[in-house]
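Okay, so here's the structure we're looking at.
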Protein chains: 2
Amino acid sequence: MSRHEHPDAQAQFESALQTLRDHQHRITEPRKAILTILTREHGPFTAEELHKQMAKGGCDLVTVYRCLTAMEEINLVRRCDFGDGCYRYEFNTGEHHHHHIICRSCQAVETLDMCVADGLERMARQMGFANVTHTLEIFGVCATCQQKS
Amino acid sequence: MSRHEHPDAQAQFESALQTLRDHQHRITEPRKAILTILTREHGPFTAEELHKQMAKGGCDLVTVYRCLTAMEEINLVRRCDFGDGCYRYEFNTGEHHHHHIICRSCQAVETLDMCVADGLERMARQMGFANVTHTLEIFGVCATCQQKS
DNA sequence: ATATGTGCAAATTCTTTGCATTAGA
DNA sequence: TCTAATGCAAAGAATTTGCACATAT
(Lines give C-alpha, C1' and ligand atoms only; values in the text may rest on other atoms or scores of the structure.)
Protein backbone atom coordinates (compact mmCIF):
# COMPACT_ATOMS: atom_id res chain seq x y z
CA MET A 1 0.00 0.00 0.00
CA SER A 2 2.49 2.59 1.07
CA ARG A 3 5.61 0.84 -0.15
CA HIS A 4 5.13 2.19 -3.64
CA GLU A 5 3.53 5.44 -2.64
CA HIS A 6 4.69 8.28 -4.80
CA PRO A 7 6.43 11.15 -2.95
CA ASP A 8 4.62 14.05 -4.60
CA ALA A 9 1.32 12.31 -5.09
CA GLN A 10 -0.53 15.32 -3.75
CA ALA A 11 1.02 17.70 -6.26
CA GLN A 12 0.32 15.34 -9.13
CA PHE A 13 -3.24 14.96 -7.97
CA GLU A 14 -3.81 18.72 -7.91
CA SER A 15 -2.20 19.13 -11.29
CA ALA A 16 -4.42 16.39 -12.68
CA LEU A 17 -7.54 18.19 -11.45
CA GLN A 18 -6.32 21.31 -13.21
CA THR A 19 -5.83 19.37 -16.43
CA LEU A 20 -9.40 18.14 -16.18
CA ARG A 21 -10.62 21.71 -15.77
CA ASP A 22 -8.47 22.86 -18.67
CA HIS A 23 -10.29 20.41 -20.86
CA GLN A 24 -13.74 21.39 -19.63
CA HIS A 25 -14.12 18.15 -17.79
CA ARG A 26 -15.91 18.12 -14.47
CA ILE A 27 -14.31 17.17 -11.19
CA THR A 28 -16.46 14.31 -9.96
CA GLU A 29 -16.14 11.91 -7.07
CA PRO A 30 -15.27 8.90 -9.25
CA ARG A 31 -12.59 10.87 -11.07
CA LYS A 32 -11.08 12.09 -7.84
CA ALA A 33 -11.10 8.58 -6.42
CA ILE A 34 -9.37 7.14 -9.47
CA LEU A 35 -6.77 9.89 -9.58
CA THR A 36 -6.10 9.48 -5.88
CA ILE A 37 -5.19 5.86 -6.40
CA LEU A 38 -3.19 6.45 -9.57
CA THR A 39 -1.11 9.26 -8.12
CA ARG A 40 -0.41 7.38 -4.88
CA GLU A 41 0.58 4.06 -6.37
CA HIS A 42 2.36 3.41 -9.58
CA GLY A 43 0.31 0.56 -10.89
CA PRO A 44 -0.48 0.08 -13.67
CA PHE A 45 -3.95 -1.15 -12.71
CA THR A 46 -6.83 -2.68 -14.59
CA ALA A 47 -10.25 -1.03 -14.45
CA GLU A 48 -11.38 -3.84 -12.21
CA GLU A 49 -8.48 -3.41 -9.80
CA LEU A 50 -9.15 0.30 -9.53
CA HIS A 51 -12.81 -0.39 -8.96
CA LYS A 52 -12.07 -2.75 -6.11
CA GLN A 53 -9.55 -0.40 -4.55
CA MET A 54 -11.97 2.50 -4.46
CA ALA A 55 -12.91 3.52 -0.95
CA LYS A 56 -16.44 3.30 0.55
CA GLY A 57 -19.16 4.11 -1.89
CA GLY A 58 -17.04 3.89 -4.96
CA CYS A 59 -18.76 3.94 -8.31
CA ASP A 60 -19.91 1.64 -11.05
CA LEU A 61 -17.28 -0.30 -12.97
CA VAL A 62 -18.64 1.24 -16.17
CA THR A 63 -17.83 4.65 -14.79
CA VAL A 64 -14.26 3.57 -14.15
CA TYR A 65 -13.95 2.58 -17.79
CA ARG A 66 -15.44 5.86 -18.96
CA CYS A 67 -13.23 7.92 -16.69
CA LEU A 68 -10.11 6.12 -17.82
CA THR A 69 -10.99 6.57 -21.47
CA ALA A 70 -11.64 10.26 -20.94
CA MET A 71 -8.40 10.68 -19.01
CA GLU A 72 -6.41 8.86 -21.62
CA GLU A 73 -7.69 11.20 -24.31
CA ILE A 74 -6.22 14.18 -22.49
CA ASN A 75 -3.04 12.30 -21.65
CA LEU A 76 -3.67 12.20 -17.94
CA VAL A 77 -3.20 8.47 -17.92
CA ARG A 78 -1.31 6.05 -20.08
CA ARG A 79 -2.73 2.73 -21.18
CA CYS A 80 -0.47 -0.31 -20.93
CA ASP A 81 -0.95 -3.62 -22.62
CA PHE A 82 0.68 -6.67 -21.10
CA GLY A 83 -0.88 -8.94 -23.68
CA ASP A 84 -3.03 -10.85 -21.22
CA GLY A 85 -6.39 -9.71 -22.49
CA CYS A 86 -6.99 -6.61 -20.42
CA TYR A 87 -5.62 -3.11 -20.33
CA ARG A 88 -3.91 -1.43 -17.44
CA TYR A 89 -3.63 2.24 -16.65
CA GLU A 90 -1.05 4.35 -14.89
CA PHE A 91 -0.75 8.01 -14.13
CA ASN A 92 1.14 9.84 -16.84
CA THR A 93 3.71 11.94 -15.02
CA GLY A 94 4.78 13.48 -18.29
CA GLU A 95 8.33 12.94 -17.16
CA HIS A 96 10.69 10.70 -19.04
CA HIS A 97 9.15 7.82 -20.83
CA HIS A 98 9.53 4.51 -19.05
CA HIS A 99 8.66 0.89 -19.52
CA HIS A 100 7.75 -2.13 -17.47
CA ILE A 101 9.22 -5.49 -16.85
CA ILE A 102 6.58 -8.02 -15.93
CA CYS A 103 7.23 -11.34 -14.24
CA ARG A 104 5.54 -14.05 -16.26
CA SER A 105 5.17 -16.14 -13.14
CA CYS A 106 3.95 -13.82 -10.36
CA GLN A 107 2.87 -10.89 -12.56
CA ALA A 108 4.88 -8.44 -10.48
CA VAL A 109 5.68 -5.23 -12.33
CA GLU A 110 8.88 -3.25 -12.08
CA THR A 111 9.65 0.01 -13.79
CA LEU A 112 12.53 0.47 -16.19
CA ASP A 113 13.49 4.10 -16.37
CA MET A 114 15.27 3.95 -19.67
CA CYS A 115 13.89 3.93 -23.14
CA VAL A 116 15.86 2.92 -26.19
CA ALA A 117 13.15 3.27 -28.76
CA ASP A 118 14.11 6.76 -29.84
CA GLY A 119 16.15 5.33 -32.67
CA LEU A 120 13.21 3.29 -33.84
CA GLU A 121 10.92 6.28 -33.75
CA ARG A 122 13.43 8.29 -35.74
CA MET A 123 13.56 5.55 -38.31
CA ALA A 124 9.78 5.55 -38.53
CA ARG A 125 9.81 9.27 -39.22
CA GLN A 126 12.34 8.71 -41.96
CA MET A 127 9.90 6.24 -43.48
CA GLY A 128 7.38 9.05 -43.74
CA PHE A 129 5.37 8.44 -40.60
CA ALA A 130 4.19 11.34 -38.47
CA ASN A 131 2.98 11.45 -34.93
CA VAL A 132 5.07 8.48 -33.95
CA THR A 133 4.60 6.67 -30.65
CA HIS A 134 5.40 3.22 -29.41
CA THR A 135 4.61 0.58 -26.86
CA LEU A 136 7.27 -1.61 -25.31
CA GLU A 137 6.92 -4.13 -22.56
CA ILE A 138 9.47 -6.59 -21.28
CA PHE A 139 8.69 -10.01 -19.85
CA GLY A 140 10.76 -12.41 -17.80
CA VAL A 141 10.85 -14.51 -14.69
CA CYS A 142 11.89 -12.59 -11.59
CA ALA A 143 14.61 -13.74 -9.21
CA THR A 144 12.13 -14.80 -6.53
CA CYS A 145 10.13 -16.98 -8.89
CA GLN A 146 13.30 -18.56 -10.28
CA GLN A 147 14.26 -19.77 -6.81
CA LYS A 148 10.84 -21.33 -6.29
CA SER A 149 11.32 -23.63 -9.25
CA MET B 1 -2.05 -10.99 -52.68
CA SER B 2 1.22 -11.43 -54.46
CA ARG B 3 2.72 -8.07 -53.68
CA HIS B 4 3.84 -9.20 -50.27
CA GLU B 5 4.38 -12.82 -51.18
CA HIS B 6 7.40 -14.28 -49.53
CA PRO B 7 10.09 -15.63 -51.86
CA ASP B 8 10.71 -18.93 -50.11
CA ALA B 9 7.18 -19.46 -48.90
CA GLN B 10 7.26 -23.04 -50.11
CA ALA B 11 10.37 -23.89 -48.12
CA GLN B 12 8.98 -22.28 -44.99
CA PHE B 13 5.74 -24.15 -45.45
CA GLU B 14 7.51 -27.52 -45.69
CA SER B 15 9.68 -26.72 -42.72
CA ALA B 16 6.60 -25.79 -40.73
CA LEU B 17 5.00 -29.15 -41.50
CA GLN B 18 8.13 -30.85 -40.24
CA THR B 19 8.00 -28.84 -37.04
CA LEU B 20 4.44 -30.00 -36.51
CA ARG B 21 5.52 -33.61 -36.98
CA ASP B 22 8.46 -33.13 -34.64
CA HIS B 23 6.01 -32.16 -31.95
CA GLN B 24 3.64 -35.06 -32.61
CA HIS B 25 1.05 -32.75 -34.08
CA ARG B 26 -1.01 -33.93 -37.02
CA ILE B 27 -0.94 -32.37 -40.44
CA THR B 28 -4.57 -31.44 -40.99
CA GLU B 29 -6.31 -29.46 -43.71
CA PRO B 30 -6.99 -26.42 -41.49
CA ARG B 31 -3.38 -26.30 -40.37
CA LYS B 32 -2.09 -26.53 -43.90
CA ALA B 33 -4.48 -23.81 -45.01
CA ILE B 34 -3.38 -21.48 -42.23
CA LEU B 35 0.30 -22.13 -42.82
CA THR B 36 -0.14 -21.57 -46.53
CA ILE B 37 -1.48 -18.09 -45.90
CA LEU B 38 1.05 -17.24 -43.22
CA THR B 39 4.06 -18.32 -45.24
CA ARG B 40 2.85 -16.55 -48.39
CA GLU B 41 1.93 -13.23 -46.87
CA HIS B 42 3.58 -11.49 -44.01
CA GLY B 43 0.54 -10.34 -42.11
CA PRO B 44 0.20 -10.31 -39.21
CA PHE B 45 -3.42 -11.44 -39.41
CA THR B 46 -6.21 -11.85 -36.90
CA ALA B 47 -7.92 -15.22 -36.54
CA GLU B 48 -10.92 -13.73 -38.30
CA GLU B 49 -8.87 -12.47 -41.24
CA LEU B 50 -7.26 -15.86 -41.67
CA HIS B 51 -10.64 -17.52 -41.48
CA LYS B 52 -12.03 -15.31 -44.24
CA GLN B 53 -8.96 -15.77 -46.41
CA MET B 54 -9.15 -19.55 -46.29
CA ALA B 55 -9.99 -21.09 -49.62
CA LYS B 56 -13.17 -23.03 -50.40
CA GLY B 57 -14.29 -25.27 -47.62
CA GLY B 58 -12.19 -23.63 -44.97
CA CYS B 59 -12.85 -24.55 -41.38
CA ASP B 60 -14.56 -23.26 -38.30
CA LEU B 61 -13.27 -20.06 -36.75
CA VAL B 62 -12.81 -21.95 -33.50
CA THR B 63 -10.41 -24.27 -35.26
CA VAL B 64 -8.38 -21.30 -36.46
CA TYR B 65 -8.04 -20.16 -32.87
CA ARG B 66 -7.04 -23.61 -31.71
CA CYS B 67 -4.52 -24.06 -34.51
CA LEU B 68 -2.92 -20.70 -33.83
CA THR B 69 -2.64 -21.41 -30.13
CA ALA B 70 -1.05 -24.78 -30.82
CA MET B 71 1.35 -23.28 -33.34
CA GLU B 72 2.34 -20.50 -31.00
CA GLU B 73 3.25 -23.01 -28.33
CA ILE B 74 5.80 -24.62 -30.61
CA ASN B 75 7.02 -21.26 -31.88
CA LEU B 76 5.73 -21.73 -35.40
CA VAL B 77 3.89 -18.44 -35.20
CA ARG B 78 4.37 -15.27 -33.25
CA ARG B 79 1.49 -13.41 -31.63
CA CYS B 80 1.39 -9.64 -32.09
CA ASP B 81 -0.59 -7.19 -30.07
CA PHE B 82 -1.45 -3.85 -31.63
CA GLY B 83 -3.49 -2.83 -28.62
CA ASP B 84 -6.78 -2.72 -30.46
CA GLY B 85 -8.45 -5.57 -28.69
CA CYS B 86 -7.51 -8.51 -30.84
CA TYR B 87 -4.39 -10.51 -31.46
CA ARG B 88 -2.63 -10.98 -34.76
CA TYR B 89 -0.39 -13.79 -35.87
CA GLU B 90 2.52 -14.01 -38.23
CA PHE B 91 4.79 -16.81 -39.33
CA ASN B 92 7.88 -17.02 -37.17
CA THR B 93 10.78 -17.23 -39.58
CA GLY B 94 13.17 -17.60 -36.70
CA GLU B 95 15.39 -15.12 -38.44
CA HIS B 96 16.24 -11.78 -36.92
CA HIS B 97 13.69 -10.26 -34.63
CA HIS B 98 11.64 -7.53 -36.21
CA HIS B 99 8.89 -5.10 -35.32
CA HIS B 100 5.95 -3.38 -36.93
CA ILE B 101 4.95 0.14 -37.60
CA ILE B 102 1.20 0.51 -37.79
CA CYS B 103 -0.63 3.42 -39.35
CA ARG B 104 -3.16 4.72 -36.85
CA SER B 105 -5.33 5.93 -39.68
CA CYS B 106 -5.45 3.17 -42.31
CA GLN B 107 -4.06 0.34 -40.13
CA ALA B 108 -1.47 -0.56 -42.74
CA VAL B 109 1.45 -2.49 -41.32
CA GLU B 110 5.07 -2.17 -42.36
CA THR B 111 7.96 -4.19 -41.06
CA LEU B 112 10.94 -2.66 -39.31
CA ASP B 113 13.91 -4.96 -39.59
CA MET B 114 15.88 -3.57 -36.70
CA CYS B 115 15.49 -4.16 -33.04
CA VAL B 116 17.02 -1.95 -30.40
CA ALA B 117 15.67 -3.68 -27.35
CA ASP B 118 18.73 -5.80 -26.74
CA GLY B 119 20.02 -3.23 -24.29
CA LEU B 120 16.76 -3.30 -22.41
CA GLU B 121 16.75 -7.06 -22.23
CA ARG B 122 20.31 -7.02 -20.96
CA MET B 123 19.28 -4.58 -18.26
CA ALA B 124 16.39 -6.83 -17.29
CA ARG B 125 18.78 -9.73 -16.88
CA GLN B 126 20.97 -7.58 -14.67
CA MET B 127 17.91 -6.97 -12.53
CA GLY B 128 17.70 -10.70 -11.95
CA PHE B 129 15.14 -11.65 -14.56
CA ALA B 130 15.53 -14.81 -16.61
CA ASN B 131 13.94 -15.89 -19.85
CA VAL B 132 13.57 -12.32 -21.01
CA THR B 133 11.45 -11.39 -24.02
CA HIS B 134 9.74 -8.23 -25.15
CA THR B 135 7.02 -6.76 -27.31
CA LEU B 136 7.50 -3.53 -29.19
CA GLU B 137 5.14 -1.92 -31.64
CA ILE B 138 5.38 1.48 -33.26
CA PHE B 139 2.42 3.63 -34.24
CA GLY B 140 2.19 6.64 -36.49
CA VAL B 141 0.36 8.17 -39.41
CA CYS B 142 1.70 7.05 -42.77
CA ALA B 143 2.61 9.43 -45.57
CA THR B 144 -0.48 8.61 -47.62
CA CYS B 145 -2.85 9.29 -44.76
CA GLN B 146 -1.08 12.53 -43.93
CA GLN B 147 -1.78 13.85 -47.42
CA LYS B 148 -5.45 13.01 -47.14
CA SER B 149 -5.88 15.33 -44.18
C1' DA C 1 -30.01 26.12 -15.85
C1' DT C 2 -27.96 22.93 -18.54
C1' DA C 3 -24.71 20.19 -20.43
C1' DT C 4 -21.82 16.58 -18.66
C1' DG C 5 -21.31 12.49 -16.01
C1' DT C 6 -23.30 8.36 -13.79
C1' DG C 7 -25.86 3.95 -12.84
C1' DC C 8 -28.02 0.06 -14.45
C1' DA C 9 -29.06 -3.25 -17.87
C1' DA C 10 -28.10 -5.06 -21.98
C1' DA C 11 -25.28 -5.53 -26.11
C1' DT C 12 -20.77 -6.34 -28.46
C1' DT C 13 -16.49 -8.30 -29.48
C1' DC C 14 -12.89 -11.52 -29.05
C1' DT C 15 -11.70 -15.87 -27.32
C1' DT C 16 -12.30 -20.27 -24.87
C1' DT C 17 -14.61 -24.61 -23.47
C1' DG C 18 -17.56 -29.00 -23.61
C1' DC C 19 -18.77 -32.72 -26.03
C1' DA C 20 -20.04 -35.72 -29.73
C1' DT C 21 -18.06 -36.79 -34.30
C1' DT C 22 -14.30 -37.12 -37.74
C1' DA C 23 -10.00 -38.17 -39.50
C1' DG C 24 -4.78 -38.34 -39.25
C1' DA C 25 -0.80 -41.63 -38.06
C1' DT D 1 -7.07 -48.66 -34.37
C1' DC D 2 -7.01 -45.05 -31.39
C1' DT D 3 -5.76 -40.65 -30.01
C1' DA D 4 -5.65 -36.01 -31.56
C1' DA D 5 -8.32 -32.55 -34.10
C1' DT D 6 -12.66 -30.55 -35.60
C1' DG D 7 -17.49 -28.57 -35.65
C1' DC D 8 -21.16 -26.71 -33.35
C1' DA D 9 -23.26 -24.56 -29.59
C1' DA D 10 -22.72 -22.27 -25.68
C1' DA D 11 -20.03 -19.99 -22.10
C1' DG D 12 -16.72 -16.39 -20.56
C1' DA D 13 -14.26 -12.23 -20.00
C1' DA D 14 -13.35 -7.46 -21.01
C1' DT D 15 -15.27 -3.52 -22.69
C1' DT D 16 -18.90 -0.52 -24.80
C1' DT D 17 -23.51 1.49 -25.50
C1' DG D 18 -28.37 3.33 -24.60
C1' DC D 19 -31.07 5.83 -21.85
C1' DA D 20 -33.17 7.86 -17.78
C1' DC D 21 -31.53 10.23 -13.73
C1' DA D 22 -28.17 12.89 -11.02
C1' DT D 23 -24.84 16.53 -10.38
C1' DA D 24 -20.95 19.83 -11.21
C1' DT D 25 -20.33 24.43 -13.03
Side-chain angles (χ1 to χ4, degrees), chain A residues 13-14 16-36 43-74 76-89 107, chain B residues 13-14 16-36 43-74 76-89 107:
Chain A
F13 178 78
E14 299 296 343
L17 296 190
Q18 190 54 50
T19 305
L20 283 175
R21 285 188 204 100
D22 293 346
H23 288 81
Q24 284 76 49
H25 284 136
R26 295 178 180 174
I27 314 290
T28 64
E29 288 305 322
R31 289 173 182 185
K32 281 193 284 185
I34 290 168
L35 285 171
T36 298
F45 302 113
T46 62
E48 195 120 24
E49 286 168 343
L50 286 167
H51 184 239
K52 281 186 188 142
Q53 267 185 76
M54 289 180 56
K56 27 85 192 166
C59 71
D60 199 280
L61 177 59
V62 174
T63 299
V64 177
Y65 276 108
R66 284 196 267 228
C67 288
L68 289 172
T69 303
M71 290 179 188
E72 198 203 356
E73 279 165 1
I74 58 177
L76 258 186
V77 302
R78 217 162 67 94
R79 193 176 80 169
C80 307
D81 187 342
F82 291 176
D84 64 346
C86 58
Y87 296 120
R88 286 172 175 75
Y89 296 84
Q107 321 304 330
Chain B
F13 177 78
E14 299 296 345
L17 296 190
Q18 191 53 51
T19 305
L20 282 175
R21 284 188 205 100
D22 293 346
H23 288 82
Q24 282 79 48
H25 284 135
R26 294 178 181 174
I27 314 291
T28 64
E29 289 304 324
R31 289 175 183 183
K32 282 193 284 186
I34 291 168
L35 285 170
T36 298
F45 301 114
T46 63
E48 195 120 22
E49 287 168 342
L50 287 168
H51 184 239
K52 281 186 187 141
Q53 267 184 76
M54 290 180 55
K56 27 84 190 168
C59 70
D60 199 279
L61 177 59
V62 173
T63 299
V64 177
Y65 277 107
R66 283 194 269 227
C67 289
L68 290 172
T69 303
M71 291 179 188
E72 199 204 354
E73 279 165 2
I74 58 177
L76 260 186
V77 302
R78 218 161 65 95
R79 194 176 79 170
C80 307
D81 187 343
F82 292 176
D84 65 345
C86 56
Y87 296 119
R88 286 173 175 76
Y89 295 84
Q107 323 303 330

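Chain letters run A, B, ... following the sequence lines, proteins first, then strands; residues in each count from 1.
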Inset, instruction - Would you please confirm or rule out a distance under 4.0 Å between OP1 or OP2 of D:dT15 and any side-chain N or O of A:Y65? - result: yes

Inset, instruction - Grab the CG-C1' distance between A:D60 and D:dT15 for me, whole Å please. - result: 13 Å

Legend entry - Rounded distance (Å) that lies between atom P of D:dG7 and atom CE of B:M54: 8 Å

Inset, instruction - Please tell me which of A:D84 and B:C67 maps to the more 5' nucleotide of DNA chain D, matching each residue to the nucleotide holding its nearest heavy atom. - result: B:C67

Inset, instruction - Figure out the CG/C1' separation between B:L61 and C:dC14, and round it to whole Å. - result: 9 Å

Inset, instruction - List the atom of B:R79, the atom of B:E72, and the distance in Å for their closest heavy-atom pair. - result: CB-OE2, 3.5 Å

Inset, instruction - Can you tell me the distance, in whole Å, between the CG atom of B:L20 and the C1' atom of D:dA4? - result: 13 Å

Inset, instruction - Go along nucleotides 17-24 of chain C 5' to 3' and tag each nucleotide: B for a protein heavy atom under 4.0 Å from its base, S when only backbone or sugar atoms are that close, - otherwise. - result: BB----BB

Inset, instruction - Write down the atom of B:D81, the atom of A:G83, and the distance for their closest heavy-atom approach. - result: OD2-CA, 3.4 Å

Under 3.5 Å, sequence neighbours excluded: what are the donor-acceptor pairs made by side chains of residues 18-25 of chain B?
unit_1 : atom_1 : unit_2 : atom_2 : d
B:Q18  : OE1    : B:R21  : NH1    : 3.0
B:Q18  : NE2    : B:D22  : OD1    : 2.9
B:T19  : OG1    : B:S15  : O      : 3.0
B:H23  : ND1    : B:T19  : O      : 2.9

Legend entry - Rounded interatomic separation in angstrom, taking OH from A:Y87 and P from C:dT13: 15 Å

Inset, instruction - Grab the two heavy atoms, one from B:R88 and one from B:T46, that are nearest each other, plus how far apart they are. - result: CG-CG2, 3.6 Å

Legend entry - OG1 on B:T69 to OH on B:Y89, rounded to 0.5 Å: 5.0 Å

Legend entry - Cationic N near anionic O, under 4.0 Å, B:E29 to B:K32: yes

Legend entry - Atom pair distance, as rounded to whole Å: CD in B:E48 and P in C:dT13: 10 Å

Inset, instruction - Could you tell me the separation between the NE2 atom of B:H51 and the P atom of C:dC14, rounded to a whole number of Å? - result: 14 Å

Inset, instruction - Between B:Y89 and B:H25, name the one whose nearest nucleotide on DNA chain C is closer to the 5' end. - result: B:Y89

Legend entry - Least distance between heavy atoms, B:G85 atom then A:Y87 atom: N-OH, 3.0 Å

Inset, instruction - Return the value, rounded to whole Å, for the distance between atom CZ of A:R79 and atom P of D:dA14. - result: 15 Å

